[in-house]
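Written out below as structure tokens is the structure these notes cover.
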Amino acid sequence: MRILSTLCLIALMATPAAAQWKSCVLKTWAHFLAPGLQSYRLVETFQSGRGLVSAIRFGPLAGKTAKLYMFLVGNLACGRAAVVIGSYEATTEIAR
């Protein structure tokens, strides 16, 4: 999990601040961030320079925007930023 945590931090640092800090990414990006048909669980939390980061692992790939991991900055109810691995139709098809 350390490698994924490191990748998440790199992605957060590389993304322009204006693109990251929305009032509630779970609402503005709901179509891509919602679990859909997948089960999910919180696997780790860690502190970064931008706040608390929650690492969420999703179950088997299912649905149109299947995901493997999501790193959410801020509280779980309405994060301020998110990095998602696997929420694109093309990459989901390749992974399957």
If we ignore hydrogens and angles and just use 3.5 Å, is the side chain of Q38 paired with the main-chain N or O of K67 as donor and acceptor? yes
State, yes or no, whether a side-chain contact exists between L68 and L61 at a heavy-atom distance under 4.5 Å. yes
Within-4.5 Å side-chain heavy-atom neighbours: V83 and M70: no
Quick one: does any side-chain atom of R80 pair with a main-chain N or O of R50 as donor and acceptor, under 3.5 Å? yes
Rounded to the nearest 0.5 angstrom, the CG-CG distance for L52 and L76 is 7.5 Å
So F71 and I85, do their side chains get closer than 4.5 Å, heavy atoms only? yes
Considering non-hydrogen atoms only, spot the tightest contact between N75 and A77 and give its length. OD1-N, 3.0 Å
Heavy-atom nearest pair, A62 first then L37, reads CB-CB, 4.0 Å
Listing request: all disulfide (SG to SG under 2.5 Å) pairs with a residue in residues 31-70, at least two apart in sequence or in separate chains. none
Could you give the distance from CZ (R41) to CD1 (I56), rounded to the nearest 0.5 Å? 11.5 Å
Restricting to non-hydrogen atoms, name the atom on A55 and the atom on L42 that form the minimum distance, rounded to 0.1 Å. O-CD1, 3.4 Å
Please report the shortest heavy-atom distance between T45 and S54, naming the atom on each side. CG2-OG, 3.8 Å
Tell me the closest heavy-atom pair linking A82 and L72, and the distance in Å. CB-CD1, 4.0 Å
